[in-house]
Structures are given as structure tokens and as C-alpha cells.
Amino acid sequence: MIRFDRVTKIYNKGSSPALRDCSVEIDKGEFVFLVGPSGSGKTTFMRLLLREELPTSGRIWAAGRELGRLSNWRVPYLRRNLGCVFQDFRLLANKTAFENVAFVLEVIGRPRPVIESQVNQVLDLVGLGQKKHRFPSELSGGEQQRVAIARAFVNRPLVLLADEPTGNLDPETSIGIMKLLEKINKTGTTIVMATHDAGLVDMMRRRVVELDQGSIVRDQHRGVYG
Amino acid sequence: MIRFDRVTKIYNKGSSPALRDCSVEIDKGEFVFLVGPSGSGKTTFMRLLLREELPTSGRIWAAGRELGRLSNWRVPYLRRNLGCVFQDFRLLANKTAFENVAFVLEVIGRPRPVIESQVNQVLDLVGLGQKKHRFPSELSGGEQQRVAIARAFVNRPLVLLADEPTGNLDPETSIGIMKLLEKINKTGTTIVMATHDAGLVDMMRRRVVELDQGSIVRDQHRGVYG
Amino acid sequence: MSRFLSPRVDYTLREALSNLWRNRLMTIAAILTVAVSLSLVGSAMLVKQAVANATVQWDHGVNAIIWLDPSITPAVRESIHQQLLAMPEDIASCYYNGHKADYAEARIVLRSEPAAFQALTPATTPPSYRCRLRNAVDAYAVASHFAKQAGVKNVTYPGQAIKTMRRTTTVLQDVLLVVAIVLMLSAAVLILNTIRLAIFSRRHEVSVMKLVGATNWFIRIPFMLEGFLEGLAGAACAAGIVLWLQKVFDSVVAKPTASGQPSALWVSTGQLVTTEIVIVIVAVVLSSIGSGLAVRRFLST
Amino acid sequence: MSRFLSPRVDYTLREALSNLWRNRLMTIAAILTVAVSLSLVGSAMLVKQAVANATVQWDHGVNAIIWLDPSITPAVRESIHQQLLAMPEDIASCYYNGHKADYAEARIVLRSEPAAFQALTPATTPPSYRCRLRNAVDAYAVASHFAKQAGVKNVTYPGQAIKTMRRTTTVLQDVLLVVAIVLMLSAAVLILNTIRLAIFSRRHEVSVMKLVGATNWFIRIPFMLEGFLEGLAGAACAAGIVLWLQKVFDSVVAKPTASGQPSALWVSTGQLVTTEIVIVIVAVVLSSIGSGLAVRRFLST
Ligand SMILES: Nc1ncnc2c1ncn2[C@@H]1O[C@H](COP(=O)(O)OP(=O)(O)OP(=O)(O)O)[C@@H](O)[C@H]1O
Ligand SMILES: Nc1ncnc2c1ncn2[C@@H]1O[C@H](COP(=O)(O)OP(=O)(O)OP(=O)(O)O)[C@@H](O)[C@H]1O
Ligand SMILES: [Mg+2]
Ligand SMILES: [Mg+2]
């Protein structure tokens, strides 16, 4: 599903590498926590997967393709297989929950009836069936993150990348989001989640990949935060 | 120093209040944690203090002035007494650490020699004397937050407001930032810090004000997170 | 509208129009600048053509015309021809313009005096010798030599008027073109910047679209369409303005004057249509450049 | 530079210039548009003044001038005066222009023929009667009635030329002014938008400045200065262009013509200076409006 083969990423020549010589393999259906101190390269890991950046050296496979060989015009089609969720939700303020989710399907050119049914289904899944016509400003932080997850998931991607999805949420709400991600993971979607939240990692007991200054220093099944 | 007197804030007519009927008093030199779930009104509390917003009803005093009576042109002078730190640092990417801090003093029109000495002093205080000519991108998250704190503190404000200053940092780095804030608190500066981080609150054992759906539900000296 | 269009076309149009409306101040300024610059291009073209039409007689450096009697005999014509050849120090070269050629030319020159033209037939149109003189100031001498000869109707040579007109219009055209080019630059930048602002004010949407796998063209086309619409609106205004200017010009300046002098300044319908087409083409090129640069520079992947 | 300026002035200038450089495409477009629009305003003013100068003789609706012998006796002049009064059906009104008044007028009209003017003294300048006729087509009759009388030097009346010139320049002025106003609008919007983009690209800095207690004016002034600089640069270009156009115009169009016809089109130095001042004032007003709106709208507290 995802494979990093001796990947090094240096943003600016001369500066120290954001990732150094990382090799890791993640299978279909896994749930992986990416932990490590600030600046250890977690976001860089995600950006490489999305092909927002190319590695300085090494090779990356995602969704059956080697990203270094992917021509630019194929990148959008790659991204349709990778859903993303961020700490700051990134919802469009002028669209309702429904419209935010539907937007993804419009953008990739799905016909209207398909959009209608798929969006309603996924909003029910995240538990927002009742609030689908609210605007982001009318939803709590946790609810906004649920909309963001629905948006990332509506297209049934193979992988869901979550970069500190609970960073802006209080502990209780964070647990709710974790439960939702677990539910999505059970449908067979691979989940990679970067986080600082020791409590969550310890609670879930899933695979933990720890980065430090760009190197993978730990890769543990059923691991804890640190 | 800071006094809220039955303050209610409603952003949009019809929506439920972000703060409702809050009264609280914070003395000079106190260290106060503002806790509560997402959307409970912590950021709103800060914004009211900075007079980015006016309360819908009730009165607020800060730095010896009633904010509702403050004419617009006096707002900048109020803000010179209130330093702020945010989760996302808000440093200027094209300025070095030194320049980021010096910028504050340039903006309020201090003469060059004063700027020079004050900035160096405060950068030493936060422990960045050696790295003062680095750009934000060359600093770790924790170091960037230290620069932000130096910037908020360089003008020796009466109050330092910190809105989830450790939200983007890993636990270890967070503890470093807390220690720094404690050090600043010891110089007599009042500190109000909004946070989700139960660990930090429990560790520090300072005054805790808890908000829930805009109401103050707890105000405890030497309190814990929840 | 949305009912009859495919979702994608509908989306593209909706986006473009809403962007235009959102930055309407900018949009209006861009359209106006396009309109003004293209009107100037159009005017320059029309002035050029009008002067060329009015002075067609004086083409190829001709600076004296000897008009012959329509009923001139070949022998008399031959004698005049020989005399022309016999004055090599005054006359550089001559050519003969027959009945038909002069009739065809009269159709152009007398266009605004239809009554005078109606009175002519090919047979009654005087043929002429068109001469380039060694020295334009000799024209009077040449004229007085031939004017009273048998078979010569009269001799005309351009006055100060025609020279001034040509000089003036050359300068006027140059000024118009320089101004037009400067304004076209401004127009392209304005278009580029409306799009840039549109991209900027939609940067959240754009970043989300990129993340969820929208193709580059799907993102770009609404913005480019915006630029095109501005260019076309500007071209439409310019086309209208040029038409109107031509009317005003016709009614004010283009009055028939004494014969022999350049007659009415006018342009044919064909020339007007050509001008309008050029305006539209320039607008399309202009807005393509503006919007192309904008999406390339500010929507980089 | 920074050594000699106060930190605050230094800061303001540095910010404004770096903003201008950052959006240089926009800056250039704004300056060019300001320059073109103000050049058009200047040209319209100059054309108006040149035509007024050239046709000063025909002011107040005068359409025939009876030039008297400089040495005319009062008795003869009185007889002509009586005759003028005796033709109320032809002549609406007349006034007498003495030696000195005509000499002063000659100074203007003969400006481009200094030799002709040098030959005059107040005493040798013919005085004249300036008459408004009931009907402009009577001018020929009036002229032939007086032309051969004792004491009358000659009679002049404006030909088609002056009418065409006045009509043409009126239309030309109107067109120039409309175009100029449209372009001024565009220029103001362009200035507004360079500032808007500058504010946008510095929004982080601005938000930090607000948070740390910068006063409103401290934040606004560098942006406004930017607009002013654009306006002034545009005005400087326009001033140069107008000066140059005037030179070109002088050398091409403004040739002396037969006397009695309107003579050279020219403008005095005073009129040129006035025009340049107007250009600068308009630029300042324009850029104030543009930058004022921009900071008010996009830098709200
Ligand atoms: N666009 C960029 N240009 C240059 N350097 C960058 C860029 N993005 C990240 N870096 C650098 O790469 C390193 C890794 O950054 P990254 O954002 O991947 O860390 P992270 O683990 O996500 O940290 P955090 O927990 O703070 O989000 C850091 O040193 C950072 O300064
Ligand atoms: N600018 C705004 N306009 C309208 N509503 C707002 C605005 N800012 C905040 N709100 C609303 O006010 C309420 C309180 O928000 P606030 O940002 O103060 O919460 P918070 O405690 O800081 O939450 P978090 O932990 O997520 O930062 C929320 O319901 C939010 O939707
Ligand atoms: Mg990160
Ligand atoms: Mg908050």
C-alpha cells in the first residue's frame, strides 16, 4: 500500500534533512501512529505521500504507483486515492457541511445523483446527518473535524492521512474523533495519523512509528507514545 | 489588573453566546489557566481583552482602563500593555529571530540603541542568545515559540496572553515553554494561558478557570485540568 | 441555466461570473482599459485608411495630375506624351491612367459626393497622366505649361493641405499606436491582476481542490474564462466606440471640399469590418496572455 | 540614506519602495495608466487653448472684421460707423477695436510670425470694427459693400476652415476628456489594487503590527505613500509627454498660413505651466482617492 525505500528529504540545500534514510512499509488496513517531537519530519512524511514534494533521494510507492515516476498530470488521480485531514480542519467557510463534502465529488466530476447519495451516507457515518445544513461556524470544533473526515473519506480513498487531527481539540472531543477514525479503519481503509497526543496513542495501542530529527527511531506494533 | 463584569458576547444575532454572563477578576502577578472544551469561549475571552471585539453586554477592565469606553485610536496603546502568544507562533518568515523581536519596538517607535539592548536582553532570557540571527524556518517549533514569547515580552507588558501556546508542540518541548512562562511570571507579569493540555495544568498547579459553553463553571486556586 | 448545462460547464461559468462580480471594481477597470486601448487601435487603423482613401490619387509619389479631355484623339494624346518625355529635368516619371482606371478611382474619391459620381460614366471620365516631379515646387511651372494646351482639361497638384494632412495623420497614428500599446500593457496587467485577486481570494478553495485531486485544468479554466470574458466585454465596448467615432467623424469632418483637393475622409464597410475583427482578435490575444500568465504564475502546482 | 533619516521616516520609505518593487508589474501598469490619462487631460487643455489663441479674433461671435487704414481720419471713421448702424437687418452689432487693442491682439495671433509682428507698431496697426452678423452667409455681401470704401483697408470673414476647426476641436476635446476620465477611473482602481495587493501580501506583518500596538497611521502611511509615489511618477511621465507632444505639434501642424485665416496653433509658456500644474494636482487627487479607499477598505481595524 505505502512503501518508503531509503527516503531522504532536504528542503534547502545545506540545511539538515527533514527526513533521512527512512524505510517503512504500511499494509492495507493498518492503523499507524506517526509520533515524534516538533520538527522531526511527520508533516514532511505526509507531504511526500501526497506528492506535494519529491524526495531528495530514495523511492516512494503509494496506491500501487512509484511517485517519483508519476507525471504531473497524473498527480490529481493519485490524490483521489489519498484522503487528508488536518489540525485546522480546512473547511470552506461559505459552504455548509453537506456542500463541503459534496465539493470533493463535484471537483472530480461525479454526477449529481451519485453525489447526493454518497454525501448523505458518509455524513450519517460520522454522525452529522442532522446537522448537514449547518455552516462550519455553526459547528463545534469536534463537529468540524468530523466534517473534514467525511470530506476526506467520501471518495472511499485507499489511505487516510491525518496530520494532528486532534491538535485543536480538547481531550474528550479528541477521543470521539479517534473512535471515528477507528470505525473508518474497520472498513478497510489504511490510516496514518501524526500526533503529539500521548494519551490517545497509549489508549489505542496500535502500530507506532517514531521519528526523531528525520530518522525512524522506533517501529512498534501495539506501541505507546514514548 | 483584569476584570470581567457580567460579560456576554454574542457574535451573530440569534446564535448562542460565545461567553455568557462571565465575571472574573485576575490580579497583578497571577498565573491563570483557561481550560474548557473546544468552542467554550477561551479565544473569545482573549479577543475581548485585546479589544479585537467589544462585549455584547457587560464591562471589561484591563491595564486600568474600561475597554468599552476606550476610543479607537487609544486601542494601540492598550495593546502595548498586553503581549500575546499563539499556537501558530505568527512569526514573520522573512525576518530573523532578532528582527522579529525588534520589529515590535520599531513599530512603537523606540530609538535604535534601546531596541538593540532590550532585544538582546529578552532573547537571552528565553535562551536564544546564540541563535538570534536564525530565521524561523531554521528553528525548531519550541524555539520558534520562544521567539514569539520574547516578542510578546520585549515591551514588558503588564499581561501576557497565551492562546494554546503549546498546541503545536510535543510534550517535552511544551514543558520547556511552561517553565519559560513561569520564569516570566516571576518577574511580576500576569499570565493568562488557554490550553487543552491536561498534563501541563496538572503539573503546574496554578489557578484554573474553566469555561463550558461560554459560562465559567469553575475557578479554583491551585487547580487541575478536569 | 444550470438545468440545461452539464454540471462541469455550469460550475465553470458560475465560478467565473461570481469571481468577476466579487472584484467588480477591478473588472470594470479592466474592461474599460481594454475598451479604450482597442478603440485607439481601431481609430488609428481607421484614420490611416481614411487618409489613404482620400489621397489615393496621390499614391506612388504622384505630385501632379494632367487631366485630359475624355474625347481626346490619340494624336493629341501622343503629342502630350512626347512633351512629357521631353522635360526630363522637371519630370521624373509619368504613367497614363485610362478612362476605366480613373472611373474606378472616382468611385472611391467621390464616395461622399454621389451626385457628382452619378453624372460620370467610364466614357465621360477624363483619363489622366500621373507624374512624379523632380522637385515638388516645379508643379506650378508644369501646370501652367500644360493647362492651356489642346486636349488638356486641367492640371491639379496637391496643395499644402495634402502634405499637412499626411504629416498630421502620420503623427496622430504614431501617437495613437504608442498610447494604445501602453494601454494594452496596462489592460493585460489589469486582467492578470483581477485573476490574481480572484485566485487569492479563493486560495482556500484552490488548496482544497488540489488536495482532493482536481485536475489542473479543472482549477484553471474558470479563472481563465474570467480573463476571456473581460477581454471580450472590452472588445465589445471598443467595437461600439469605433463605430460611433466613425459616425461622429463622418458628420463633423468628412465634408466634401473643392474638387482636386482631397475629398471626404471616409472608410468602406469592408474596412470597418476588418477593423472590428482586428479589435476582437487583439482582445482575445491580450486576455489570453493576461490570464495565461496569471494562472501559470499564481496557480503553480 | 537610512543614516540621515529618522527611523520612522526611513521605515516608511523603505516599506513603500519595497512594496512597489514587489508588485512591479502592477506598479508599472498603474504609472502608465496615470501617465496616459493625465497626458490626455493635458492634451485636451492644450488643444482648447491653442484653438482659443488662434481664433481670438473671432471671439464673442464676431464673424466679419472691417480693417481700417491706420491713418484714417475721425470723419471717415464716423461715416463708416453710421453706415454700420444703418444696416440693422444685416448687422446685429459691432464694436470698435482701436490701434492698441489690435496691436495687443496681433502679439498673440502673429506669435509664430515674429517678423510680421516686428514690422508693426501700435500706430501702424490697423484699427478695426468687429461685427456680429444676423446671418453668417451675409458676410460676403457686407465685405463687398465696405471693401472698396475710402478708409477701409480690407474686410475679412472666417472661411469654412475656422468653423471646421472649432467643430473638430470641440469633438476632439470631448472625446479626449471622456477617454481621460475613463482612464482616470482605471488609474484610481489600479492604484487601489496595487495597494490592496501590497496589503494582502503583508497581511501577516500587518496583523502582527496591530497586535503589538502599532497605531493606525503607522500602518497606513507606507501603503498610502506607495499610492502617492505611483501617482507622482505617472504625473511626471504625463508632464514630459505633454511637453513633447506640444513640441511635435508645433513642428508639424502649427505652420503660418495666409493672413486672415487662423494662424499658427500655439500655446504660451504660462498656459503650458498651468497645464502641467493641473496634471500634478489631478495626479495627487487621483492617488489620494485610490490609496485612501484602499487603506480604508482593506486595513480596517
Ligand atoms: N516548506 C519547507 N521549507 C523548508 N523547510 C521546511 C519546510 N517544511 C518543513 N521544513 C523543515 O523540515 C523539518 C521537518 O518539518 P516537519 O513540518 O515535517 O516537522 P513535523 O514533525 O511536522 O513538526 P510539527 O510537529 O511541528 O508539525 C523542520 O526542520 C522544518 O523546519
Ligand atoms: N469570529 C467569529 N464569528 C462568529 N462566531 C465565532 C467567531 N469566533 C468564534 N465564534 C464562535 O464562538 C464560540 C466560542 O469560540 P472560541 O474560539 O472562543 O472557542 P475556544 O474555546 O477558543 O475553542 P478552541 O479550543 O477550539 O480554540 C464558538 O461557538 C465559535 O463558533
Ligand atoms: Mg507537522
Ligand atoms: Mg481557541
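In the text below, chain A, chain B and the rest are named by the order of the sequence lines, each starting its count at 1.
Under the side-chain hydrogen bond (donor to acceptor under 3.5 Å, both in side chains) criterion, the residue pairs touching residues 230-243 of chain C are C:Thr194-C:Glu230, with sequence neighbours excluded.
Counting only distance, with no hydrogens or angles, the side chain of D:Thr27 and the backbone of D:Leu20 share a donor-acceptor pair below 3.5 Å.
The contact between C:Leu197 and chain D is made entirely by side chain atoms (from C-beta outward), counting heavy-atom distances below 4.5 Å. In this structure, chain D has a heavy atom under 4.5 Å from the side chain of C:Leu183, while its backbone stays farther away. With a 4.5 angstrom heavy-atom cutoff, D:Leu192 touches chain C only via side-chain atoms. Only the side chain of C:Leu245 comes within contact range of chain D, judged by heavy atoms closer than 4.5 Å.
Highest contact tally toward chain D, considering only C:Leu190, C:Ile241, C:Leu40, is held by C:Leu190 [criterion: heavy-atom pairs under 4.5 Å].
Under the 3.5 Å distance criterion, with hydrogens and angles disregarded, a donor-acceptor pair is assigned to the side chains of C:Arg196 and D:Asn23.
Side-chain contact between C:Ile191 and C:Phe228: absent, with no pair of heavy atoms (C-beta onward) separated by less than 4.5 Å.
Environment of CZ in C:Arg296: sparse, with no more than 12 heavy atoms of neighbouring residues, nucleotides or ligands closer than 6.0 Å. In this structure, D:Arg297 places its CZ atom where only 12 or fewer heavy-atom neighbours from other residues, nucleotides or ligands lie under 6.0 Å away.
Interface residues of residues 28-38 of chain D toward chain C, defined by a heavy-atom distance below 4.5 Å and sorted by number: D:Ala29, D:Leu32, D:Thr33, D:Val36.
By the side-chain contact (heavy atoms from CB on, under 4.5 Å) test, C:Arg203 is found to be paired with C:Phe200, D:Phe200, D:Arg203, residues two or more places apart in sequence or in another chain being considered. C:Ser18 pairs by the side chain to side chain donor-acceptor pair (under 3.5 Å) definition with C:Arg202, not counting sequence neighbours.
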